[in-house]
Amino acid sequence: MQKRLKDLYLELLAAYGHQGWWPAISPYEVMVGAVLTQNTNWKNVEKAIANLKAADCLHPSAVLAARNARLEALIRPTGFYRQKAERLKCATETWTQMSARKSKMDTMALRARWLAVKGIGKETADSILLYAYGRPVFVVDAYTRLFCSHHGLFEAKEYDEYRRFFESNIPGCVPLFKEYHALIVQWAKQKRKK
DNA sequence: CCCCAGGATTGCT
DNA sequence: AGCAATCATGGG
């Protein structure tokens with residue numbers, strides 16, 4: 001593990017503590033959160049998740065059976081609710097299809113399958129792979145790029161260049177990937193407050 | 001009143 | 001290939 005990346009990780013962990021992103025909830029709920037949080041404050045996502053749960057609509061069969069208008073009303077606090085209602089259905093179809101096959105699939109093949117879903121880009125796909133499926137994929141976002149440039153770690157244009165930078169310089173350990181990404185987000189939030 | 005949030009797609013150049 | 005417009009609610 002590259003020393004600089006390890007030191008920074010330990011610093012973040014000491015400063016902010018264990019973030020515990022997406023802990024004791026169902027993997028499906030993680031996937032729903034990954035879609036709903038696109039360009040949206042997590043607090044708003046929590047409201048939508050609570051709405052879905054209260055309506056007993058937080059499982060694949062219920063989402064697939066729900067009318068779009070109903071889904072839209074439930075996830076409204078997350079914004080972009082028309083797009084997201086459709087995206088949630090598309091993602092849920094894939095989720096259901098993959099439930100039986102995913103264990104046999106290579107991580108990159110699974111990633112390609114998710115990237116083919118409308119409304120699922122690289123960051124959302126990787127969040128699903130890491131936090132819902134437990135695959136060793138490093139999630140990159142705008143904060144990750146800011147973090148890299150702020151500490152003089154790495155500069156690039158493409159999403160996948162950043163992803164591979166982390167994947168090839170820290171151990172391919174799922175809990176570490178989960179925690180590191182969450183800590184970077186926390187770091188950026190704190191930094192913004194100043 | 002402004003800007004942003006745990007993005008992705010489409011369309012134009 | 002790059003870049004702007006679009007989607008839309010809630011909080012600072």
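A, B, ... follow the sequence lines: proteins, then strands. Residue 1 opens every chain. The basis for the numbers below is simple: all heavy atoms, side chains too, and nothing from hydrogens, waters or symmetry mates.
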Step-by-step side-chain contact (heavy atoms from CB on, under 4.5 Å) determination, A:Phe80 to A:Arg87: CA-CA 10 Å; A:Phe80 308 123; A:Arg87 291 179 179 185; over 6 Å; no

Span that lies between the P atom of C:dA4 and that of B:dC3, in whole angstrom: 15 Å

Lys/Arg N to Asp/Glu carboxylate O, A:Asp7 vs A:Lys3, below 4.0 Å: yes

Sugar-phosphate, base or nothing in reach of A:Thr124, heavy atoms under 4.0 Å: sugar-phosphate

Sugar-phosphate, base or nothing in reach of A:Lys122, heavy atoms under 4.0 Å: sugar-phosphate

P atoms of B:dT10 and C:dA8, separation to the nearest Å: 14 Å

Distance below 4.0 Å between A:Lys118 side-chain N/O and B:dT10 OP1 or OP2: yes

Polar atom pairs (N or O), protein with nucleotides 1-6 of chain C, under 3.5 Å:
| unit_1 | atom_1 | unit_2 | atom_2 | d |
| --- | --- | --- | --- | --- |
| C:dG2 | OP1 | A:Lys157 | NZ | 3.4 |

A:Trp21 over B:dG6, stacked by centroid distance under 5.5 Å, angle under 30°: yes

Minimum heavy-atom distance A:Val140-A:Glu123, with the two atoms named: O-CG, 3.4 Å

Atom-pair distance (CG on A:Leu36; P on B:dA8), nearest Å: 13 Å

Main-chain N/O of A:Gly33 paired with A:Thr37 side-chain donor or acceptor, under 3.5 Å: no

Listed nucleotide nearest any side-chain atom of A:Asn44, set C:dT9, B:dG6, B:dG7: C:dT9

Any donor-acceptor N/O pair, A:Tyr131 side chain to A:Val30 backbone, under 3.5 Å: no

Below 4.0 Å: OP1/OP2 of B:dT9 and any side-chain N or O of A:Lys84: no

5′-ward residue of the pair A:Trp42/A:Val117 relative to DNA chain B: A:Trp42

Flag, side chain of A:Lys118 to backbone of A:Glu86, donor-acceptor distance under 3.5 Å: no

Check: A:Trp187 ring centre within less than 6.0 Å of A:Tyr180 ring centre: no

Rounded distance in Å - CG (A:Asn39) to P (B:dT9): 13 Å

Nucleotide-level pairing of DNA chain B, given in dot-bracket where Watson-Crick and G-U pairs need both distances under 3.5 Å and | marks other strands: ..|||.|||||||

Option passing side-chain contact (heavy atoms from CB on, under 4.5 Å) with A:Val32 (candidates A:Ile128, A:Thr92, A:Ile49): A:Ile49

Whether A:Tyr81 stacks on the six-membered ring of C:dA8 base, 5.5 Å and 30° limits: no

Between P of C:dT9 and CG of A:Asn51, the distance in whole Å: 14 Å

Protein-nucleotide distance (A:Gln38, atom CD; C:dC7, atom C1'), rounded to Å: 11 Å

Side-chain N or O of A:Arg87 closer than 4.0 Å to phosphate OP1/OP2 of B:dA8: no

Under 3.5 Å donor-acceptor, A:Arg145 side chain and A:Lys157 backbone: yes

Nearest-angstrom distance from the residue atom CG of A:Asn41 to C1' of B:dC4: 9 Å

Gap between atoms CZ and P, on A:Phe80 and B:dG7 respectively (whole Å): 10 Å

Nearest listed nucleotide, side chain of A:Arg76, among C:dG11, B:dG6, C:dT9: C:dT9

Inter-nucleotide C1' distance (C:dG2, B:dG6), Å rounded: 25 Å

Side chain A:Gln19, main chain A:Gly17, donor-acceptor under 3.5 Å: yes

Contact under 4.0 Å: A:Tyr131 side-chain N or O vs B:dG6 OP1/OP2: no

Value in whole Å for how far the C1' atom of C:dG10 lies from CD1 of A:Ile75: 15 Å

Worked verdict on A:His151 versus A:Phe147 for ring pair (Phe, Tyr, Trp, His ring centres under 6.0 Å): CA-CA 6 Å; A:His151 294 289; A:Phe147 181 76; 4.7 Å; yes

Touch class at under 4.0 angstrom, heavy-atom based, for A:Val140 against every strand present: nothing

Spacing between A:Asp141 atom CG and B:dA8 atom C1', to the nearest angstrom: 14 Å

